[in-house]
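Single-structure report; data block below.
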Amino acid sequence: FEHNGEANNLETRSVYVTLPPPSDLIPGLPSLPETIEMDRLGINLSYTLRNAGSNYAHGKVKELVYVSEDNQWDNEDLLISATTPTINIAVDETQTMYAHSDGAGVTPGYYYVIVRSNALNALNESSYENNTAVSSRKVRIDYPRIWVGQSYNESNVTKMKRYFRLDVSGEQVGQTMLCEVQGVNLQGLSLMHETSPTATHYEYHTVVPTTAGTTNYELMVPSLKRGTYYLLLDIGDIGGGNNQMHINTSIVDFDIVTV
């Protein structure tokens, strides 16, 4: 509060703003592997960004990477990586760009990978029409597989989102499945049939350990459907030690555990 002293709170001065001379950024995609299995490393991609213009390219740019069922970018495509790196690219030179994703929302399948460079047009360019690159073929994205009735063990677990696919055999359809996760602190355990779950979109979900003060979590599916379920583990802070994670899936008799 300045009482009668607020008359001097505004100052005006002129500022001269000019755009740097335009560059021309063109992204490219390297050869992709046949399959990307989203293990503990998630999805990792690299590509080159070339300056085809007549002036030096320097500054921060927004780099967006999508997966798409077709080779044309649109708003329905799933964004898997958004970064804002600083680029320094001389005329006719390139810079290697890196993209990482934990794969949230990516249902296993075949996808084109689409890169949109300088997506917010923050860097002055002579043309913005060549800032999109599309892979020449689809890449298969998949999760580690666990057949219902089997177990999975992993050591040296780190804080991240992990996805698994649970495949149901014919004779298991209609039966009750219990999925147990032990050994890691979870911020969420989610399960969905034929579609990858997210933190807000799922069929079965829990954030509460089976027993207070433990790292034991359970999900029960009363009646299994034919096909594949996708399991999301949102792994929280990890303490010291070997950090052993254990996932067990089993067919059980349907029972009411608690009310």
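These numbers come from a predicted model, not from an experiment.
N51 is not listed as a side-chain neighbour of Q95, based on a closest heavy-atom distance of 4.5 Å or more. Between Q172 and I251 the shortest side-chain heavy-atom distance falls below 4.5 Å.
Looking at T107, its side chain does come within 3.5 Å of a backbone N or O of S196 through a donor-acceptor pair. The backbone N or O of Q150 lies less than 3.5 Å from a partner atom in the side chain of T249, making a donor-acceptor pair. One N or O on the side chain of H193 and one on the backbone of R226 form a donor-acceptor pair closer than 3.5 Å.
Across all their heavy atoms, G105 and T198 have their closest contact at CA-CG2, 4.1 Å. Closest non-hydrogen pair, D24 versus S127, comes out as OD1-O, 3.5 Å. Taking all atoms of both residues into account, the shortest heavy-atom contact from T96 to S46 is CG2-CB, 4.3 Å. Summarising the geometry of N216 relative to Q182, their closest heavy-atom pair is OD1-CG, 3.3 Å, with the distance given to 0.1 Å. Here the closest heavy-atom approach between residue A52 and residue I26 is recorded as CB-CD1, 3.7 Å.
Under the 4.5 Å side-chain contact rule for hydrophobic residues, Y163 and Y229 do not share a cluster. Cluster annotation: L78 and V113 are assigned to the same hydrophobic cluster (Ile/Leu/Val/Met/Phe/Trp/Tyr, side-chain heavy-atom contacts under 4.5 Å, transitive). Under a hydrophobic-cluster definition in which Ile, Leu, Val, Met, Phe, Trp and Tyr are linked whenever side-chain heavy atoms come within less than 4.5 Å, directly or via other members, L232 and M245 are assigned to different clusters. When hydrophobic clusters are built by joining Ile, Leu, Val, Met, Phe, Trp and Tyr residues whose side-chain heavy atoms come closer than 4.5 Å, directly or via intermediates, Y202 is not grouped with M220. In the hydrophobic clustering of ILVMFWY residues, with side-chain heavy atoms under 4.5 Å counting as a link, V65 and Y110 come out apart.
Salt-bridge annotation for E37 and R165: absent, with no side-chain N of the basic residue lying under 4.0 Å from a carboxylate O of the acidic one. A salt bridge is absent between K138 and E69: the closest approach of a Lys/Arg side-chain nitrogen to an acidic carboxylate oxygen does not fall below 4.0 angstrom.
No side-chain donor from either of N153 and Q244 sits under 3.5 Å from a side-chain acceptor of the other. Using a 3.5 Å distance cut-off with no hydrogens or angles, the side chains of T228 and D167 do pair a donor with an acceptor.
Partner of M97 under the side-chain contact (heavy atoms from CB on, under 4.5 Å) criterion, out of L45, I87, T83, T48: I87 alone. Between M177 and the choices V252, V168, L219, L191, the side-chain contact (heavy atoms from CB on, under 4.5 Å) rule is met once, by L191. Put simply, the residue from K62, K60, E63 that forms a side-chain hydrogen bond (donor to acceptor under 3.5 Å, both in side chains) with T84 is K62.
Between F164 and Y230, the distance separating the two ring centers is not shorter than 6.0 angstrom.
Separation of atoms NE2 (H100) and CD1 (I80) is listed at 10.0 Å; rounding is to 0.5 Å.
Within 6.0 Å of NE2 in H58 there are 12 or fewer heavy atoms belonging to other residues, nucleotides or ligands.
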